[in-house]
Amino acid sequence: MRTRVRGWRWRRNPLRRRSDVVEAWTALVVAVLLFVGAPLAGAFAGWWAHDQARAVATAQRAERHQVRAEVVGRTPERLPSVQGGRDHPYRVDVRWTDTTGTHTANARVPAGTKHGDTVDVWFDVAGRAAPPPPGETQVWQHTVTTGVCATGGAAAAVLLAHTLVRRVSTGHRLAEWEREWARTEPEWTRRRA
């Protein structure tokens with residue numbers, strides 16, 4: 001029958017070894033780091049990522065502009081589809097008019113767009129077609145992903161360190177037992193060392 005005594009590693013007794021105390025303190029530190037430290041690391045990483053993503057989105061909104069353009073190029077009759085049957089956007093010539101005149105460029109348009117359709121297209125300051133700047137949803141997706149990955153990484157690092165400390169602690173404990181058994185064994189077996 002096995003009985004468990006709570007806190008036996010903390011109390012003074014002749015069976016408590018130094019490795020037991022180290023292991024008990026390590027378990028306490030690991031618990032605090034897993035339940036407090038890792039989530040805090042994830043929160044700070046997410047906060048930083050949110051600020052960075054908002055700054056990138058703001059900069060891209062400042063340097064890109066959106067125009068309503070008419071599709072003038074030849075659209076493919078049949079679009080290649082990937083597994084799952086989803087159609088992807090494709091590039092085609094578009095034309096739009098603004099205060100500086102009429103412009104034509106090659107831009108990415110949504111799947112299913114036909115010749116003569118009007119679409120929204122984004123361009124950078126150099127006049128090249130560009131993807132739209134990230135919206136608030138993409139910023140939050142980036143924030144949450146970074147926070148979750150940072151939390152997982154911090155937890156993995158804590159658990160790896162705990163495993164290494166336990167391995168070293170077990171090695172020390174086994175060495176202590178060997179030394180003590182070398183002293184005790186001759187008395188029990190009446191054998192001379």
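In this text, all values refer to a predicted model and were calculated from it rather than measured experimentally.
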**Student:** Which atoms form the tightest heavy-atom contact between A130 and R64, and what is the distance?
**Tutor:**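 In this case the closest contact between A130 and R64 is CB-NE, 3.9 Å.
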**Student:** What donor-acceptor contacts under 3.5 angstrom involve side-chain atoms of residues 143-154, with partners at least two apart or in another chain?
**Tutor:**
residue	atom	partner	partner atom	Å
T143	OG1	H50	ND1	3.1
T143	OG1	V139	O	2.8
T145	OG1	Q141	O	2.8
T146	OG1	H142	O	2.9
T151	OG1	G147	O	2.9

**Student:** Could you give the side-chain donor-acceptor pairs of residues 101-114 under 3.5 Å, partners two or more places apart or in another chain?
**Tutor:**
residue	atom	partner	partner atom	Å
T102	OG1	T97	OG1	3.3
H103	NE2	D98	OD1	3.0
H103	NE2	T100	OG1	2.8
N106	OD1	R91	NE	3.2
N106	ND2	D93	OD1	3.2
T113	OG1	P110	O	2.6

**Student:** Write down the atom of A155, the atom of A38, and the distance for their closest heavy-atom approach.
**Tutor:**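 Scanning both residues completely, I find the closest heavy atoms to be N-CB, 4.0 Å.
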**Student:** Does R95 have any salt bridge (Lys or Arg N to Asp or Glu O under 4.0 Å) partners at least two apart in sequence or in another chain, and if so, which?
**Tutor:**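 Here no residue qualifies.
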**Student:** Going by side-chain hydrogen bond (donor to acceptor under 3.5 Å, both in side chains), name the residues that satisfy it together with Q52, two or more places apart in sequence or in a different chain.
**Tutor:**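 Once residues adjacent in sequence are excluded, Q52 has no partner under the side-chain hydrogen bond (donor to acceptor under 3.5 Å, both in side chains) criterion.
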**Student:** Going by the salt bridge (Lys or Arg N to Asp or Glu O under 4.0 Å) test, which pairs reach into residues 142-169, not counting sequence neighbours?
**Tutor:**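 Residue pairs passing salt bridge (Lys or Arg N to Asp or Glu O under 4.0 Å), neighbours aside: E23-R166.
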**Student:** Of all heavy-atom pairs between V94 and A69, which one has the smallest distance, and what is that distance?
**Tutor:**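 Nearest pair, atom of V94 first, then A69: CB-CB, 3.8 Å.
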**Student:** Which residues pass the side chain to side chain contact (heavy atoms under 4.5 Å, CB included) test with A126, not counting sequence neighbours?
**Tutor:**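 A126 satisfies side chain to side chain contact (heavy atoms under 4.5 Å, CB included) with D124, R128 only.
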**Student:** Please collect all salt bridge (Lys or Arg N to Asp or Glu O under 4.0 Å) contacts where either partner lies in residues 142-154, sequence neighbours excluded, each pair once.
**Tutor:**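 Pairs touching residues 142-154 that pass the test: none.
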**Student:** According to a hydrophobic-cluster definition based on side-chain heavy atoms being under 4.5 Å apart (Ile, Leu, Val, Met, Phe, Trp, Tyr only), do W25 and L33 belong together?
**Tutor:**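 No, because W25 and L33 fall into different hydrophobic clusters, even though each may have its own neighbours under 4.5 Å.
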**Student:** With sequence neighbours left out, what residues match D120 under side-chain hydrogen bond (donor to acceptor under 3.5 Å, both in side chains)?
**Tutor:**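 With sequence neighbours excluded, D120 shows a side-chain hydrogen bond (donor to acceptor under 3.5 Å, both in side chains) to Q66, R68, given in chain and number order.
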**Student:** Provide the full list of ring pair (Phe, Tyr, Trp, His ring centres under 6.0 Å) pairs with a residue in residues 105-129, sequence neighbours left out, each pair given once.
**Tutor:**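 Output for this query lists W96-F123.
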**Student:** Restricting to side chain to side chain contact (heavy atoms under 4.5 Å, CB included), what partner residues turn up for T26, sequence neighbours left out?
**Tutor:**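 Counting only residues at least two positions away or on another chain, T26 forms a side chain to side chain contact (heavy atoms under 4.5 Å, CB included) with V22, V30, H162, V165.
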**Student:** What residues form a side chain to side chain contact (heavy atoms under 4.5 Å, CB included) with R183, not counting sequence neighbours?
**Tutor:**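 With neighbours one apart ignored, the set is E180.
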**Student:** Suppose the criterion is salt bridge (Lys or Arg N to Asp or Glu O under 4.0 Å): which pairs have a residue in residues 46-61, not counting sequence neighbours?
**Tutor:**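 As it turns out, the salt bridge (Lys or Arg N to Asp or Glu O under 4.0 Å) pairs with a partner in residues 46-61, which skip direct neighbours, are R54-E136.
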